[in-house]
Amino acid sequence: MNQPVQKNTLYVGGLAEEVDEKILHAAFVPFGEVKDVKTPLDQATQKHRSFGFVTFLEREDAAAAMDNMDGAELFGRVLTVNYAFPEKIKGGEQGWAAQPVWADADTWFERQQQEEEMKRLQTEQNAAMKEAERLHREKVAAEKNGETDEADPMAVAEAQVIQ
């Protein structure tokens with residue numbers, strides 16, 4: 001599973017129940033300016049789920065925090081600190097995507113129009129090729145029978161498509 005990591009957002013696992021977003025912020029602010037701290041809540045208990053995310057403004061600060069805080073102890077619990085993966089949202093090629101389905105609605109419509117235009121052009125091209133092949137077969141048959149027509153089959157086919 002080769003997913004891109006967010007190099008300025010860290011996953012912090014192994015949080016004690018007492019740790020909230022303010023405490024997590026205070027633990028990581030020595031390494032650089034913290035942009036955001038999130039501790040997702042369990043819907044049933046309304047308590048955090050023993051992990052959180054810390055986002056730094058600078059990648060270097062996130063790297064320093066990860067190097068120093070991975071394996072460190074906070075409120076009696078050993079922390080696991082890694083780069084965070086993008087949030088997974090239903091949709092996309094493998095059932096998950098990093099964006100909501102509606103994020104590319106404008107470009108989707110443009111792609112649909114382009115695909116329809118390509119299909120139309122391919123249909124026209126195939127029809128022209130079939131007509132040229134038919135005319136060529138007629139010319140070859142006429143030559144075998146001793147009849148010669150000076151008209152070029154490709155020129156006739158192009159003239160018919162243009163009309």
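Predicted model only: the values in this text are computed from it and were never measured.
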Can you name the closest pair of heavy atoms from Glu18 and Ile23 and give their distance?
-> O-CD1, 3.5 Å
Are there more than 12 heavy atoms of other residues, nucleotides or ligands under 6.0 Å from atom CD of Glu33?
-> no
Euclidean distance, Lys47 NZ relative to Thr39 OG1, rounded to 0.5 Å | 13.0 Å
Between the main-chain N or O of Ala16 and the side-chain N or O of His48, is there a donor-acceptor pair closer than 3.5 Å?
-> yes
SB check Glu131 Arg134 (cutoff 4.0 Å) | yes
Under a single-linkage definition using a 4.5 Å side-chain heavy-atom cutoff for Ile, Leu, Val, Met, Phe, Trp and Tyr, are Val19 and Phe51 assigned to the same hydrophobic cluster?
-> no
With side chains defined as the heavy atoms from C-beta onward, is the minimum distance between Thr55 and Val34 less than 4.5 Å?
-> no
Report the C-alpha separation of Val140 and His136 in whole Å, then their side-chain angles, then the decisive distance to 0.1 Å, and conclude whether the side chain to side chain contact (heavy atoms under 4.5 Å, CB included) test is met.
-> CA-CA 6 Å; Val140 169; His136 179 71; 3.7 Å; yes
Verify the cluster assignment for Phe75 and Val81: are they in a single hydrophobic cluster under the rule of side-chain heavy atoms below 4.5 Å apart?
-> yes
Got a second to check how far Asn82's CG is from Leu10's CG, nearest 0.5 Å?
-> 8.5 Å
Would you find a donor on one side and an acceptor on the other, under 3.5 Å apart, between the side chain of Asp61 and the backbone of Gly32?
-> no
Look at atom CD of Glu138 and say whether more than 12 heavy atoms of other residues, nucleotides or ligands are closer to it than 6.0 Å.
-> yes
Has Arg59 got more than 12 heavy atoms of other residues, nucleotides or ligands less than 6.0 Å from its CZ?
-> no
Say you draw a straight line from OG1 of Thr45 to CD of Glu17; how long is it, rounded to the nearest 0.5 Å?
-> 8.0 Å
Take Asp36 and Lys38, measure what side chain to side chain contact (heavy atoms under 4.5 Å, CB included) needs, and give me the verdict at the end.
-> CA-CA 7 Å; Asp36 190 30; Lys38 294 283 184 206; 3.4 Å; yes
Give, for atom CG of Leu24 and atom CG of Asp20, the distance between the pair rounded to the nearest 0.5 Å.
-> 8.5 Å
Do Leu57 and Lys35 have side chains that get closer than 4.5 Å, going by heavy atoms?
-> yes
Pick one: which of Tyr83, Tyr11, Phe56, Phe28 meets side-chain contact (heavy atoms from CB on, under 4.5 Å) with Met66?
-> Tyr83
Is it possible for you to say whether Val29 and Leu74 belong to one hydrophobic cluster, with membership spreading through side-chain heavy-atom contacts below 4.5 Å?
-> yes
Taking only Lys NZ, Arg NE, NH1 and NH2, and the carboxylate oxygens of Asp or Glu, determine whether Glu117 and Arg120 approach each other closer than 4.0 Å.
-> yes
Does Asn68 reach the main-chain N or O of Ala64 with its side chain, forming a donor-acceptor pair under 3.5 Å?
-> yes
Measure the CZ-NZ distance between Arg137 and Lys139 for me, rounded to the nearest 0.5 Å.
-> 14.5 Å
From CG (Asp70) to CG (Leu79), nearest 0.5 Å | 8.5 Å
Where is the tightest heavy-atom contact between Pro40 and Gly52, given as atom of each residue plus distance?
-> CD-CA, 4.2 Å
Does Glu124 CD have over 12 foreign heavy atoms under 6.0 Å away?
-> yes
Is His25 close to Lys22 at the side-chain level, that is, under 4.5 Å between some pair of heavy atoms?
-> no
